[in-house]
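Excluded from the calculations below are hydrogen atoms, water molecules and symmetry mates; all remaining heavy atoms, backbone and side chain alike, are included. Reminder, nothing fancy here: chain letters follow the sequence lines and each chain counts from 1.
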Amino acid sequence: MKNKLLACPYIVWMVLFTIIPLGIVFYYAFTDSGTGAFTLANMASMGSYLPIFLRSIWLSLFSALICLLIGYPVAYFIAQCKPSTQRLLELLIMLPMCMSFLLRTLAWVSMLEDTGIINTFLRHLGLAPLPLIRTNGAVILGMVYNYLPYMILPLYSVIMKIDNRLLEAARDLGCTPVNTFTKVILPLSAPGILSGLTMVFVPAVSTFYISQKLGSTGTTLIGDVIESQFKTAYNPNLGAAMSLVLMILIFICVSIMNRFGESEEETEVIAKV
Amino acid sequence: MSEELIRLTNLTMTFEDGVTVLDGINLDIKNKEFLTLLGPSGCGKTTTLRIIGGFLSPTSGDVFFNGKRINDVPAYQRKINTVFQRYALFPHLDVYDNIAFGLRIAKLPEREIDERVTEMLEIVSLRGFENRKITSLSGGQQQRVAIARALVNRPQVLLLDEPLGALDLRLRKDMQNELKNIQQRMGITFIYVTHDQEEALTMSDTIVVMDKGKIQQIGRPEDIYNEPQNAFVADFIGESNILDGVMLDDYVVRFFGRKFQCVDKGFEKNEPVDVVIRPEDIDIVPPEQGHLIGTVTSVTFKGVHYDTIVDFKGFKWLIQTTDYCPVDSTIGIRLNPEDIHIMHKSEYSGLYGDYSSYSAEYDEIADCSEDDANEE
Ligand SMILES: Nc1ncnc2c1ncn2[C@@H]1O[C@H](COP(=O)(O)OP(=O)(O)OP(=O)(O)O)[C@@H](O)[C@H]1O
Ligand SMILES: [Mg+2]
C-alpha cells in the first residue's frame, strides 16, 4: 500500500505529461488539418518521407557506433584511474553537457565553415580548403560530439563494477591480457554497451538543428522535418503522424538491440546484485 | 615426495600504507605435498598465496619454482591454479562454461573439454547443474564450482584459499576427504589456507603456523600439536594450559612451587620457560594422591567430555575429562612426564593459556568473529 502511495506523484505526472500528450498526438495524426475529420491521409503520405526516416536511422546508428568506439577506451581508461583522477575526468566529460546544445552545435559551425577556423588555417598554410560543412560527416560529427557523454557514463559505471577478482581468476586460468579483455571484461560490460548505444541512438535519431546547421538539404533529418511542420509548414497533423511513426521505429530499433543483448541481460541483473 | 617444488626466500610485503604484512618468510614446499598455511585472520595467508600465484609482487625476496626464480613470470604463465577465497566465478557464464574456461583458453579439443568437465562435475557432485547460472547456486555449490574450475586444468600446484569456508559442518567434512583424495590421486601439490586448526590437522602433510606476518612453526601435524614452539602455537592449535616455570636441569622443571619430571632437555640451567599442559592429558585423582590440588569452578558438557575449569592457587586450568566432577568439589591431578611440554619464552609468553576468563565457546569461534569483522 505504502509503495503505491509513493508512486502517486509520478503517476499523476505520467498521465498529465505523457499519456494525455500522446493521446493528442494520436488524435492529430489521424485527423485532417483543415476539417478535423478522421483521415488516414497523414499516415498514407509517410511513404514519401521514407528516405528521410532511413537516413535519420542510419546516421544516428552510425554515430552511436562511433561513440562506442571512442567511448569504450575512454571509459575503460577512467575506470583504471585513481579515485581522485576519476572524479576530475567525470567532471570533464560532463562539462560540455552543461553548455547549451545550440551553442555547442554553433561552435562546430564556426570550426567547419568554408571560412571557418580549420579552413582559414589550411589557407594560411597554402593548402586548398576542405568541404567540411554540409556533409553527412559533419552531421555525424555533431551527433557524436553532442551525445558522447551519454555513451561514456553508462560504460564507465559498468566497467567500474567489474570485480577485480574476476580478472585475477581469468589470469589464473591462463588468460593473457587480451584474452582477459575479450573473454571477461567485454562480456561483462555488455549491459553498459547496450544502454550506451540506446542513450545515444534515441536522442540522435529524433534530433533537429544539428543537420540544419551542419548538414545540407541532402542530409535533412526527420526531426527537422517534424519541426518544420509545426513552425513553417503549419501542418501539425502531418508532424504528429511523423512523430508517431518515428516513435514506433525507435521502439523497433531499441527492441532489436535488446534482443541482441538478451543473453547479456542476465549479466546486468547480476551486476546490480 | 621429497623433491623441492616451490621455495620462498626472505619474502617481505609492505603495502603502500606502510604496513608490513609479511616479514621474512622462508618456506620450502615439496612436490605433491599437502601444505597448509594456518593462522588467525589478517596474518598474511592470502597475501602469501597471492605472491605464489603471481598476483602480487613481493616488496623483497624471491619465489622459486622448480629451482627457477619466477618473480617476474606473469600469473597466466605459471603452472598454478587458484581456488579464490570468495570464489570469483564468472557471472556471465553458466556452471559448465565456468569449469571449461581454462581448457578453452588452452584451446583443447571440445571433445576432451567435455570429458574433463563432466568428470569434474562428477567429482564435486554437481552433475545436472551444467546449465545453471552461477547466481542461482548456494554458497557451497559455488565453492565446489570454484574447486572444479581450478582442478580441471590439472595444475602442478593448486592454491586453495579457505575453500571450505562457506560449507556446513557435514559437507565440509565430506569435501575435506574428497579434496585429500583428489590431491593424492592426481598427485597435485596443494597449498591450502585455513584458520580452522582442526581442518589443518586432519588434511595436511605439513602445517605452517603464521602470525603477524611471520612463520611461527613449520612441521607435521603431530609435531605442531605435541611440540609447539611457543605460546602462540600452543594456544592456536588445540587448547593449552600455559604456565610460567623454571627449567632446573635437563628433564626437571619447577612450577607452582613443585618439581616435575619432564622429557625436555637442552635448556639453560634455571631458564624461565613456558610450560604447556594439554587439557586432555591431565588425569584427575582423589586429592590425597594429587601432585596438585584445586577446586572445580565450572563444568560444561561437551558431548565426548566435560570441560572442567579448576582453580589451582588462583590460576585456572582447563581439564577435559570424561569423569564428571561437580562444581566446588576438591580434586587432585597427576601429571606424567610426557604430558609436560617445555617451550622457550617468547613475545607471546603470558598472553595465552590462562582460562580465568573461560567461556564455553573456545577460541576458534573468537577467531571466526574476528574474521567476519575483517571481511569487508
Ligand atoms: N592491497 C592491500 N593494501 C593494504 N593492506 C592490505 C592489502 N591487502 C591485504 N592487506 C592487509 O594485509 C594483512 C594480511 O592480509 P591477508 O589477506 O593476507 O590476511 P589473511 O591471513 O588471508 O586473513 P583472512 O583469514 O582474514 O583471509 C591484513 O591486515 C590486510 O588488511
Ligand atoms: Mg585470506
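Residue A:Phe101 qualifies as enclosed at atom CZ: its count of foreign heavy atoms under 6.0 Å is above 12.
Sequence neighbours left out, the pairs with a member in residues 143-160 of chain B that pass salt bridge (Lys or Arg N to Asp or Glu O under 4.0 Å) are B:Glu119-B:Arg154.
The line from CG of A:Leu188 to CG of B:Leu93 is 8.0 Å long, rounded to the nearest 0.5 Å. Taken to the nearest 0.5 Å, the CG atom of A:Asp163 stands 10.5 Å off from the CZ atom of B:Phe84. Atom OG1 of B:Thr82 is separated from atom CZ of A:Arg165 by 13.5 Å, given to the nearest 0.5 angstrom.
Not counting sequence neighbours, A:Tyr156 has no partner by the ring-ring contact (aromatic ring centres under 6.0 Å, His included) test. Remark: A:Tyr145 pairs with A:Trp108 by the ring-ring contact (aromatic ring centres under 6.0 Å, His included) rule, at least two apart or across chains.
Of all the heavy atoms in A:Pro187 and B:His92, the pair that sits closest is CB-CD2, 3.4 Å. The two residues B:Ala88 and A:Ala169 have their closest heavy-atom pair at O-CB, 3.7 Å. B:Pro91 and A:Leu166 get closest at one heavy-atom pair: CD-CD1, 3.6 Å.
Residue-level contacts of residues 100-112 of chain B with chain A, in order of numbering, are B:Phe101, B:Gly102, B:Ile105; threshold 4.5 Å between heavy atoms.
Considering only heavy-atom pairs separated by less than 4.5 Å from chain A, the leading option among B:Asn153, B:Asn81, B:Ile80, B:Leu89 is B:Asn81.
Looking at A:Asp172, the atoms closer than 4.5 Å to chain B (heavy atoms on both sides) sit in the backbone and in the side chain alike.
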